[in-house]
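Notes follow the structure.
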Amino acid sequence: TKHPLQNTWSFWFFKNDKTKAWDKNLLKITSFSTVEDFWALYNHIELVSHIPQGCDYCVFKDGIKPMWEDSANVNGGRWLISLNRQARTQELDNSWLELLLLLIGEGFEENCDAICGAVVNVRPKADKISLWTADANSKDQCLAIGRIMKQRLHLNAQTLVCYNSHAETSHKQSSMTKPKYTV
Ligand SMILES: CN(C)c1nc(=O)c2c([nH]1)N([C@@H]1O[C@H](COP(=O)(O)OP(=O)(O)O)[C@@H](O)[C@H]1O)CN2C
């Protein structure tokens with residue numbers, strides 16, 4: 001028998017088609033709830049470092065859409081890691097996989113219920129990996145989650161990991177919104 005995961009997760013793909021509304025480009029591909037089905041999916045799809053710029057992969061708890069507006073996300077935010085150009089070859093794929101294993105392996109200990117999902121954006125200027133959590137105002141919970149994420153992704157100490165609420169990100173006046181928390 002297959003090894004069940006604590007939660008069922010859904011894999012979404014964002015295809016950058018400028019002729020369509022943003023949410024029309026976000027496609028739910030499949031769901032999985034066992035370790036074996038996770039690996040079957042992971043080994044079946046392209047590595048993040050090989051997908052076109054402008055595209056995203058998202059892995060969210062089943063029932064949560066990878067959108068700010070979803071009721072599970074609306075009061076939350078994200079821990080964001082921006083990876084520079086040369087990191088795409090070495091770090092991007094490894095960091096994304098590490099985060100996925102942390103996610104489906106419920107590695108956030110007593111804060112697993114606050115985890116919504118993870119997103120990786122492949123972009124010309126800098127690739128981004130983010131972990132979405134449910135409550136931007138639970139400072140201790142956010143910091144505990146961020147610390148585990150930074151530690152488990154073996155990021156070099158100078159990599160700054162910042163948290164912004166989706167309310168801030170979605171209404172950003174300037175591109176450099178001041179982070180709510182950093183680890
Ligand atoms: C329901 N709805 C419209 C809506 N709901 C959303 O949840 C949502 C959006 N729109 N997003 C739109 O994509 C642009 C790029 O963000 P990016 O994160 O790809 O980052 P880049 O600027 O492409 O690096 C965002 O500026 C935003 O327009 C992003 N986003 C998460």
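Index from 1, following the sequence. Read the numbers this way: they start at 1 and go in the same order the structure lists the ligands and their atoms. Quick caveat, the model's predicted, so the values are computed rather than measured. Hydrogens, waters and symmetry mates are skipped; everything else that's a heavy atom, side chains included, is used.
Nearest protein neighbour of atom 26 (O) of ligand 1, counting heavy atoms only, is Lys172 NZ, 4.2 Å. Scanning the protein for heavy atoms near atom 23 (O) of ligand 1, the closest one is Arg123 NE, 2.8 Å. Annotation: atom 4 (C) of ligand 1 to nearest protein heavy atom, Trp22 CE3, 3.5 Å.
Checked by atom type and distance alone, the side chain of Asp62 never pairs as donor or acceptor with a backbone atom of Ser10 at under 3.5 Å. Looking only at distances, no side-chain donor or acceptor of Ser95 sits under 3.5 Å from a matching main-chain atom of Leu92.
For atom 15 (C) of ligand 1, the nearest protein heavy atom is 4.0 Å or more away.
Counting heavy atoms from C-beta outward, Leu5 and Phe32 have side chains that approach closer than 4.5 Å.
Considering both main-chain and side-chain atoms, Trp68 comes within under 3.5 Å of ligand 1 through a nitrogen or oxygen pair. Residue Lys128 has at least one N or O atom closer than 3.5 Å to an N or O atom of ligand 1. Not a single N or O atom of Asp56, backbone or side chain, sits closer than 3.5 Å to an N or O atom of ligand 1.
Atom numbering of ligand 1 starts at 1 in the shown order; those under 4.0 Å from a heavy atom of Glu69 are 1 (C), 2 (N), 4 (C), 5 (N), 6 (C), 7 (O).
At a 4.0 Å heavy-atom cut-off, ligand 1 touches Lys125 through the side chain alone. With a heavy-atom cut-off of 4.0 Å, Met67 touches ligand 1 through backbone and side chain alike.
Using cut-offs of 30° and 60° for the angle between ring planes, the Trp79 and Tyr163 rings count as perpendicular.
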Using the side chain to side chain donor-acceptor pair (under 3.5 Å) rule, take Asn7 and Glu106 through it: C-alpha gap first, then chi angles, then the decisive distance, then the call. CA-CA 9 Å; Asn7 281 289; Glu106 308 293 332; 2.8 Å; yes
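The six-membered or imidazole ring of Phe11 lies near that of Tyr57, with a centre-to-centre distance under 6.0 Å.
At a threshold of 4.0 Å, the pair Arg123-Asp56 counts as salt-bridged, since one of the basic side-chain nitrogens sits closer than that to a carboxylate oxygen.
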